[in-house]
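The structure appears below as structure tokens.
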Amino acid sequence: MLLTVQGRDLVQRCEPLLQQMNEVLLSAGDANEPSGMVSLGLGESAAMVCLPPFLHDMSTVMPKMGWNITVDVTPNLRQKLLDGELDIVVMAGPLDAAELVVTPIGPVNLSWMAASSFFEAHGSSASLKDGPVWSLPRPSYHHRVVAGAMRACGLSTSGINTCNHVQTLIEIVKSGRGMGLLPEQQVTHSLATGALRRLEMRQPTYAIEFLAARRHEETDPIILNVFQQVLKMTI
């Protein structure tokens, strides 16, 4: 179902009235305790690292606010935001979308790692050529980084194993079934206990920047307020 030319004109003319109505309704209620349901989408790493402390903080700032949380990959989150299914998203960059307001909130640092048992089998000089290598699937930015690292080592990218769930990918690597470019923030305990070890190789600094995004035309004052709170997230 699509709007006619006259329908699009009507929407454009009514948008200022709708914004004024939203402001009136907000001011008529308790402005200090806005309520409603906000649809928030996050990438898996952001959801695991950022979401619990964010919801804890929001329970103080906006205690009456309800949440619809969606965890998905960046291409899906972007499309759901553009389609109006989500109000705000936190996803991995880079991202080019003229229709969105996009603000960086911090990087997830990545390092090549393997399980201690993997090093016992291949020695302390284990490298990417000892494989198998695990990655998130295409078209993720993570897969592009992994493929680029393998090409830089003169290795074929056709043998990359993929898993679309970050925590499961981490568990596969921890089980000794290969190596992966893993998010440091999600494996601090495993590194501390020795369950995972970094590969002793000349590693460039890998990082995936996470971005908060909303639609340019968003006028709802509550969503705009929540977006400002999202920008305070720490990765």
Side-chain angles (χ1 to χ4, degrees), residues 1 3 8 10-108 136 140-141 164-167 183 185-186 208-235:
M1 185 180 295
L3 287 172
R8 291 196 296 270
L10 179 63
V11 169
Q12 291 176 359
R13 293 166 63 185
C14 287
E15 278 182 341
L17 299 176
L18 179 60
Q19 182 173 0
Q20 291 176 32
M21 180 67 75
N22 283 333
E23 292 170 354
V24 169
L25 291 174
L26 187 63
S27 63
D30 187 349
N32 294 321
E33 291 194 2
S35 61
M37 195 69 66
V38 173
S39 294
L40 176 64
L42 304 98
E44 187 186 344
S45 292
M48 295 185 67
V49 175
C50 306
L51 187 57
F54 172 76
L55 292 178
H56 177 269
D57 293 343
M58 292 301 292
S59 67
T60 301
V61 177
M62 297 182 180
K64 294 184 179 180
M65 188 61 62
W67 305 93
N68 287 321
I69 305 296
T70 297
V71 178
D72 210 333
V73 294
T74 292
N76 294 344
L77 292 173
R78 177 184 179 276
Q79 192 58 51
K80 288 177 181 178
L81 181 60
L82 292 172
D83 291 343
E85 296 180 40
L86 296 173
D87 300 315
I88 299 168
V89 300
V90 177
M91 53 191 170
L95 179 68
D96 182 19
E99 308 95 327
L100 302 177
V101 175
V102 179
T103 305
I105 61 172
V108 168
L136 294 177
S140 69
Y141 181 67
N164 68 347
H165 189 265
V166 175
Q167 190 57 44
Q185 287 93 325
Q186 287 179 244
I208 295 179
E209 188 74 37
F210 270 74
L211 314 166
R214 65 169 175 84
R215 291 179 296 278
H216 259 300
E217 68 271 18
E218 184 60 69
T219 60
D220 189 301
I222 292 178
I223 293 176
L224 295 177
N225 191 351
V226 171
F227 185 71
Q228 292 304 311
Q229 300 298 323
V230 169
L231 298 184
K232 299 176 183 178
M233 278 186 176
T234 54
I235 300 292

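Across all their heavy atoms, Q229 and M58 have their closest contact at CB-SD, 3.6 Å. When every heavy atom of N164 is checked against every heavy atom of E44, the shortest pair comes out as O-OE1, 4.2 Å. The shortest non-hydrogen separation linking G84 to R215 is CA-NH1, 3.6 Å. Nearest heavy atom pair, residue P183 against residue V166, reads CG-CG1, 4.1 Å. Closest of all the heavy-atom pairs between G43 and V71 is C-CG1, 4.3 Å. Across G93 and I208, no two heavy atoms sit closer than the pair O-CG2, 4.0 Å.
At least one side-chain heavy atom of V90 sits under 4.5 Å from a side-chain heavy atom of V230. A heavy-atom distance below 4.5 Å is found between the side chains of M65 and V38. Counting only heavy atoms from C-beta outward, the side chains of V226 and M62 approach each other to under 4.5 Å. Residues W67 and L55 form a side-chain contact, since some pair of their non-hydrogen atoms from C-beta on lies under 4.5 Å apart. Side-chain contact between D87 and L40 is absent, with no heavy atoms from C-beta onward closer than 4.5 Å.
Note that CD1 of I69 and CG of L86 are 9.5 Å apart. Values are rounded to the nearest 0.5 Å. Considering CG of L82 and NE2 of H216, their distance stands at 11.0 Å, rounded to 0.5 Å. In this structure, OG1 in T70 is found 8.5 Å from CG in L42, a value given to the nearest 0.5 Å.
Residues S45 and Q186 bring a donor and an acceptor atom of their side chains to less than 3.5 Å of each other.
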